[in-house]
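This report concerns only the one structure given below.
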Protein chains: 2
Amino acid sequence: MSPSIKDVAERAGVSVGTVSNVLNHPERVAESTRATVLAAISALGFVRNSSAAQLRAGTSRSLGLIVLDLANPFFHEVARGVEQVADELGYAVVLCNSDDQTARENRYLQVLEEQRVRGVLITPVEVGSERLDALRRRGTPTVLVDRHDPRVNCCSVAVDDVVGGELAGAHLLSLGHARILHVTGPLSLRQCADRLAGLRRAVAAAGHDPDTAIEVIEERAMNARTAYDAARARFARDDEVGAVFCANDLMALGVLRAALSSGRRVPEDLAIVGYDDIEFAADAAVPLTSIRQPTQQIGRAAAQLLVEECDHPRTHAHQQVMFKPELVVRESTAG
Amino acid sequence: MSPSIKDVAERAGVSVGTVSNVLNHPERVAESTRATVLAAISALGFVRNSSAAQLRAGTSRSLGLIVLDLANPFFHEVARGVEQVADELGYAVVLCNSDDQTARENRYLQVLEEQRVRGVLITPVEVGSERLDALRRRGTPTVLVDRHDPRVNCCSVAVDDVVGGELAGAHLLSLGHARILHVTGPLSLRQCADRLAGLRRAVAAAGHDPDTAIEVIEERAMNARTAYDAARARFARDDEVGAVFCANDLMALGVLRAALSSGRRVPEDLAIVGYDDIEFAADAAVPLTSIRQPTQQIGRAAAQLLVEECDHPRTHAHQQVMFKPELVVRESTAG
DNA sequence: TGGAGATCGTGAAACGTTTCATTCCACGAG
DNA sequence: CTCGTGGAATGAAACGTTTCACGATCTCCA
């Protein structure tokens with residue numbers, strides 16, 4: 001197989017310990033020997049075997065990151081933030097995609113634990129997973145991303161969706177819309193429920209009755225297609241809708257399409273607010289007002305918390321970090 | 001630290017060899033002993049140390065996959081295809097994102113080689129990388145994704161972009177458009193050059209002169225924003241544009257927005273064809289005609305070729321697989 | 001001249017598995 | 001009663017590193 005440190009030592013005429021030192025503590029070995037060893041290394045095409053290194057070392061310099069859906073821009077922004085911090089601190093990141101399936105999540109947790117990663121960042125399919133608790137009990141630090149642990153057994157980083165819903169609602173109210181249509185996904189999802197709660201809070205704060213001022217359309221899937229169909233059906237019924245708040249940008253784009261294709265002008269006839277501020281929101285047929293989440297920061301904060309816990313397990317205290325989202329106004333409400 | 005196989009053996013009152021057998025060849029150990037050992041394992045919370053296992057085994061069951069940009073739907077579809085095949089064949093996939101930076105690519109190649117992955121799937125930042133050649137020379141099989149190696153030193157899987165451009169061109173020509181505007185990215189990119197070449201071929205085949213029938217706008221970036229700006233500027237000049245073919249869907253969406261906001265109707269006044277058929281193409285304000293690439297299949301084929309080479313290195317012959325793209329007609333040309 | 005440091009290099013142990021030749025044991029056939 | 005057979009468990013070697021206590025050599029100064 002591939003040459004080992006021993007082959008290098010032999011060829012360079014030194015001991016294996018010296019070769020190892022060249023690799024890990026170059027300052028401990030004399031200039032000339034170092035040169036000889038490096039020459040031997042490149043002559044043989046030696047590449048360190050990290051299994052052996054890690055076995056001996058007993059600990060690794062890597063973190064696991066398990067996300068729900070790599071196709072979702074939210075998560076690769078998070079991943080980017082995690083990678084930045086990991087890089088700065090000399091850690092490697094093992095990226096895993098659970099695809100929202102518990103089985104996949106558990107398999108990856110197993111693999112990561114077998115690899116003895118230093119810690120794990122995860123958006124669990126559901127909080128309170130037994131497998132995850134076990135990992136933590138056995139001593140691998142864990143940070144929840146975009147989720148909170150009610151029992152506060154670990155750190156977590158998330159964004160306040162209630163505030164997000166409130167921002168959207170207050171914005172539409174400030175434009176004079178007293179009635180708001182809310183197109184959302186399953187209200188059993190914490191995100192959707194929170195965003196609606198925020199919207200209700202804004203409406204109540206403006207002195208209206210949420211139950212009558214807000215009309216909710218709840219769909220199974222949160223994509224453009226279902227929102228398009230739902231909006232067309234709603235628009236066919238009557239013309240009373242003047243403002244829509246959607247639980248994510250894809251749905252908002254679906255509503256936008258339905259509006260345009262039914263002859264409505266946006267924002268003159270219909271104001272639309274989305275959520276997430278995906279890259280394409282700004283480039284839609286009518287650029288979309290949306291709620292932006294500090295995604296990279298979430299990743300950065302989560303990685304920092306994790307490394308902090310890895311480095312000072314005794315003194316570490318778990319924290320629940322909560323970021324605030326931000327309103328980005330564009331043409332779809334800029335009437 | 002975490003309990004080892006030795007601790008388990010002790011607790012179960014057997015030898016370490018037996019514990020290892022329970023883990024790897026359960027059929028070799030008697031029912032009752034197996035039960036005792038499994039009980040000890042779960043009592044201690046034992047998790048196998050994969051570094052040690054792999055060190056001893058000398059070889060791993062994992063493949064590396066290095067992509068240019070995880071934010072690009074093309075690549076995570078490819079990744080999904082790779083994962084499917086890897087799963088079926090019992091391999092694990094290590095996913096890496098080079099972000100189009102040679103430095104990151106090289107770092108990941110190094111890491112993967114140190115981990116002794118069985119093989120590497122990669123879309124290199126540029127073909128002919130020395131680091132990649134070195135990897136291959138040292139015996140790690142390699143497959144290029146969405147690229148070809150002119151020297152045929154390895155397998156590769158790609159899509160025929162010339163055919164794609166030809167399909168788009170032929171489609172517009174068949175609708176009666178004799179003049180076509182082509183909005184594209186840097187023609188130094190193989191993809192862009194090929195798509196244009198295909199367009200020219202279609203135009204020539206229809207009996208027109210490509211040089212006069214095709215107007216090319218070449219932009220630095222291939223996103224909606226730059227295409228929007230370019231299209232607005234072009235539309236301001238005159239009204240002679242009746243058909244546009246864009247080198248990717250994001251650009252097409254930018255052109256679509258420019259058209260709508262300048263009062264043009266799509267497809268009545270302007271027919272638009274994109275490329276890639278990204279998920280959102282079907283849900284745009286006017287659903288977009290596009291060229292679809294068999295992305296998952298690319299991933300599947302690449303993984304199959306790689307595993308084939310890993311399993312039969314002696315008899316393996318390198319192949320260059322080339323898929324054909326497909327035209328998807330939607331409203332943006334359905335005049 | 002001798003001795004104290006400093007500077008470099010050595011060699012063996014250890015990390016946690018898997019493998020495989022070996023031993024152990026029970027049982028049935030002769 | 002012996003022998004052979006085969007299933008089950010054992011124990012030591014090996015994988016490629018890193019570490020660390022220990023030598024060897026050299027330098028410098030009393």
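Keep in mind it's a predicted model, so treat the numbers as computed, not measured. All values below were derived from every heavy atom in this structure, side-chain atoms included, with hydrogens, water molecules and symmetry-related copies excluded. Chain naming here is simple, since letters A, B, ... match the order of the sequence lines and numbering starts at 1 in each.
- With hydrogens and angles disregarded, no donor-acceptor distance shorter than 3.5 Å links the side chain of Thr123(B) to the backbone of Leu68(B).
- In this structure, Ser50(A) OG and Gln54(B) CD are separated by 7.0 Å, a value rounded to the nearest 0.5 Å.
- Separating the CZ atom of Arg28(A) from the P atom of dT10(C) is a distance of 15 Å, rounded to the nearest angstrom.
- Closest approach to the Arg116(B) side chain among dC8(C), dA9(D), dT17(D) is made by dT17(D) (side chain taken as heavy atoms from C-beta onward).
- With distances taken from any side-chain atom of Ala52(A) to the nucleotides dG16(D), dA9(D), dG16(C), the minimum falls on dG16(D).
- Going from atom CG of Asn49(A) over to atom C1' of dT18(D) covers 13 Å, rounded to whole Å.
- Taking for each of Ala57(A) and Arg34(B) the nucleotide of DNA chain D with the nearest heavy atom, the 5'-most of the two is the partner of Arg34(B).
- The shortest distance between the side-chain N/O atoms of Thr18(B) and the OP1/OP2 oxygens of dT10(D) is below 4.0 Å.
- Residue whose closest nucleotide on DNA chain C sits further toward the 5' end, between Glu31(A) and Val19(B): Glu31(A).
- Atoms CD and CG, from Glu10(A) and Leu44(A) in turn, are 9.5 Å apart once rounded to the nearest 0.5 Å.
- Among the protein residues, Thr33(B) comes within range of the sugar-phosphate backbone only, with heavy atoms under 4.0 Å from sugar or phosphate atoms but none that close to a base.
- dT7(C) atom C1' lies 16 Å from atom NE2 of His25(A), rounded to whole Å.
- Within the structure, every side-chain polar atom (N or O) of Ser51(B) is placed at least 4.0 Å from both OP1 and OP2 of dC15(C).
- Between Ser15(A) and dT10(C), a side-chain N or O to OP1/OP2 separation shorter than 4.0 Å is present.
- Between the CD atom of Gln115(A) and the P atom of dG16(C) there is a distance of 17 Å, given to the nearest Å.
- Between the P atom of dC15(D) and the CD atom of Glu114(B) lies a distance of 20 Å, rounded to the nearest Å.
- Ser20(A) comes within contact range of at least one nucleobase, with a heavy-atom separation under 4.0 Å.
- Panel note: side chain Gln191(A), backbone Asp146(A); no donor-acceptor pair is recorded below 3.5 Å.
- In this entry the distance linking NZ of Lys6(A) with C1' of dT10(C) reads 15 Å, nearest Å.
- Across dT17(D), dT18(C), dT17(C), the shortest atom-to-atom separation from the side chain of Phe46(A) is found for dT17(D).
- Remark: side-chain polar atoms of Ser156(B) are not paired, donor with acceptor, to backbone N or O of Asp149(B) under 3.5 angstrom.
- Atom NE2 of His25(A) is separated from atom OG1 of Thr18(A) by 12.5 Å, given to the nearest 0.5 angstrom.
- Toward the 5′ end of DNA chain C lies the nearest nucleotide of Glu27(A), the other residue of the pair Val16(A) and Glu27(A) mapping further downstream.
- Atom C1' of nucleotide dC15(D) and atom CD of Gln54(B) are separated by 11 Å, given to the nearest angstrom.
- Nearest nucleotide to the side chain of Val29(A), out of dG9(C), dT18(D), dT10(C): dG9(C).
- Summarising the geometry, the separation between CG on Leu55(A) and C1' on dG16(C) is reported as 5 Å, rounded to the nearest angstrom.
- In this model, no side-chain donor or acceptor of Arg56(A) finds a partner on the base of dT17(D) within 3.5 Å.
- In this structure, Gly58(B) reaches neither bases nor backbone, as no heavy-atom distance under 4.0 Å exists between it and the strands shown.
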